[in-house]
Amino acid sequence: MDNIITVKIAGKIIEISPLYDYIAEYCKSYITEGIPDFVVTVTQLDIDFERDKSAAEDRKEGIPIRHFTDEYLETLAVYRKIAEQMISFDTILFHSSVIAVDGFGYLFTAKSGTGKSTHTRMWRETFGDRAVMVNDDKPLLRITKEGVTAYGTPWDGKHRLSTNTSVPLKGICIIERAADNHIVRLDTKEQLRSAYPMMVQQTHKSSNPANARRTMELIDRLMEAVPIYRLSCNMEPEAAKVAYEGMQNE
């Protein structure tokens, strides 16, 4: 196939055999050469699955069903297959916005519509050149004995905000809307237990039982390796300073 491409994402070389050329443009910052660690092949059935899944989610949310091109839906199918394979390399997809300041990564996650992308935008405005947007939607996290590394990916949200880079993850922050800005570290068993559903919800769901079990193990390791915080905040610039300063205590 003429449109086969090879990319390097989260330290792994991946050969992609797509149906459409669009994926090459989508992943252009990650194209590389080399012997692949694994291969991803997309079929029309994979694309149809993404279409049906999107329609089901729209119906659940009570919004008009969105209609996407096969080319775009193929990008979703490709990433689903990549995320599935990455589990074997102790790496998980985590729905979040990750920004780096001075070379350290900070991950923000929340329920849809809470404002995690708005919050990391305020970090970019506050810290200027010190800040680098790692990924605004679907970064990959590699969890090892040495710590957790966050990676940029081409799947970076509607504003396409990401960098082909990797950073050690210094903190995970669950955002909640509030009138005033306040951050606390979740360090008791009860507090961490309250955060667990969000951590599971934001991780790629595998239909493979072995991978599903492995994912839960990786979530446990992630929560042990990286401090977790809960940020109550408004959408004022002060929220970025409160969050940053609150995560510098380690």
Item to complete: Applying side chain to side chain donor-acceptor pair (under 3.5 Å), name anything that partners Q85, two or more places apart in sequence or on another chain.
Response: none
Worksheet item: Side-chain donor-acceptor pair under 3.5 Å between T153 and N135, yes or no?
Response: yes
Item to complete: Report yes or no: does T126 contribute a side-chain atom to a donor-acceptor pair with the main-chain N or O of M122 at less than 3.5 Å?
Response: yes
Worksheet item: Within the distance-only criterion (no hydrogens, no angle test), does the side chain of T144 pair as donor or acceptor with the backbone N or O of E146 below 3.5 angstrom?
Response: yes
Worksheet item: With no hydrogens and no angle check, do the side chains of E84 and N211 hold a donor and an acceptor under 3.5 Å apart?
Response: yes
Response to the item:
Closest non-hydrogen atoms of Y30 and S162, given as atom of the first, atom of the second and distance, are OH-OG, 4.0 Å
Discussion item. Under 4.0 Å between a side-chain nitrogen and a carboxylate oxygen: does that hold for E25 and K28?
Written reply: yes
Discussion item. Side chains of C233 and I175, heavy atoms from C-beta outward: is any pair under 4.5 Å?
Written reply: yes
Fill in: Any donor-acceptor N/O pair, R142 side chain to M86 backbone, under 3.5 Å
no
Worksheet item: Does K53 have any salt bridge (Lys or Arg N to Asp or Glu O under 4.0 Å) partners at least two apart in sequence or in another chain, and if so, which?
Response: E57
Worksheet item: Any donor and acceptor pair, going by atom type alone, linking the side chain of K170 with main-chain N or O of P168 inside 3.5 Å?
Response: no
Practice prompt. Run the salt-bridge test on E50 and R80 with the 4.0 Å N-O cut-off and return the result as yes or no.
Written response: yes
Worksheet entry | Test item: F68 and R51 side chains (from C-beta on) under 4.5 Å apart, heavy atoms | no
Item to complete: Apply salt bridge (charged side-chain N to carboxylate O under 4.0 Å, His left out) to R66 and D58, showing your working.
Response: CA-CA 7 Å; R66 296 166 294 171; D58 290 345; 2.8 Å; yes
Discussion item. I want to check something: taking the side chain as every heavy atom from C-beta on, are I87 and H204 in contact at a cut-off of under 4.5 Å?
Written reply: yes
Item to complete: Kindly indicate, with the supporting measurements, whether the criterion salt bridge (charged side-chain N to carboxylate O under 4.0 Å, His left out) is fulfilled by R193 and E190.
Response: CA-CA 5 Å; R193 192 179 300 116; E190 183 177 352; 5.9 Å; no
Worksheet entry | D220: salt bridge (Lys or Arg N to Asp or Glu O under 4.0 Å) partners, not counting sequence neighbours | none
Worksheet item: Are any non-hydrogen side-chain atoms of F38 and V40 less than 4.5 angstrom apart?
Response: yes
Discussion item. Using only atom types and a distance under 3.5 Å, with no angle test, would you say the side chain of T6 pairs donor to acceptor with the backbone of P36?
Written reply: no
Discussion item. Do V167 and Y229 sit in one hydrophobic cluster, given that two such residues count as connected whenever their side-chain heavy atoms are within less than 4.5 Å of each other, even indirectly?
Written reply: no
Worksheet item: Does any donor atom in the side chain of S206 or T215 lie under 3.5 Å from an acceptor atom in the other side chain?
Response: no
Discussion item. Closer than 3.5 angstrom, by distance alone: can the side chain of T91 be matched with the main-chain N or O of F89 as a donor-acceptor pair?
Written reply: yes
Fill in: Side-chain donor/acceptor of D46 to backbone N/O of A77, under 3.5 Å
no
Fill in: Minimum heavy-atom distance L19-E74, with the two atoms named
N-OE2, 2.5 Å
Worksheet item: Does any N or O in the side chain of D70 come within less than 3.5 Å of the main-chain N or O of I47, such that one atom is a donor and the other an acceptor?
Response: no
Discussion item. Donor-acceptor check, side chain of T75 to backbone of Y72, threshold 3.5 angstrom: yes or no?
Written reply: yes
Fill in: Carboxylate-amine/guanidinium contact R121 D136, below 4.0 Å
no
Worksheet entry | For Y244, ring-ring contact (aromatic ring centres under 6.0 Å, His included) partners two or more places apart | Y106, W123, F127
Fill in: Residues which pass ring-ring contact (aromatic ring centres under 6.0 Å, His included) with Y26, listed by chain and number, not counting sequence neighbours
Y22, W155
Discussion item. Measuring from atom CD of Q202 to atom CG of L107, what distance do you get when rounded to the nearest 0.5 angstrom?
Written reply: 9.0 Å
Under 3.5 Å donor-acceptor pairs involving side-chain atoms of residues 177-184, not counting sequence neighbours:
residue	atom	partner	partner atom	Å
R177	NE	T114	O	2.7
R177	NH2	T114	O	3.3
N181	OD1	N234	N	2.9
N181	ND2	N234	OD1	3.3
N181	ND2	E238	OE1	3.1

Discussion item. Evaluate S97 against T120 for side chain to side chain donor-acceptor pair (under 3.5 Å), listing each step before the verdict.
Written reply: CA-CA 7 Å; S97 185; T120 49; 2.9 Å; yes
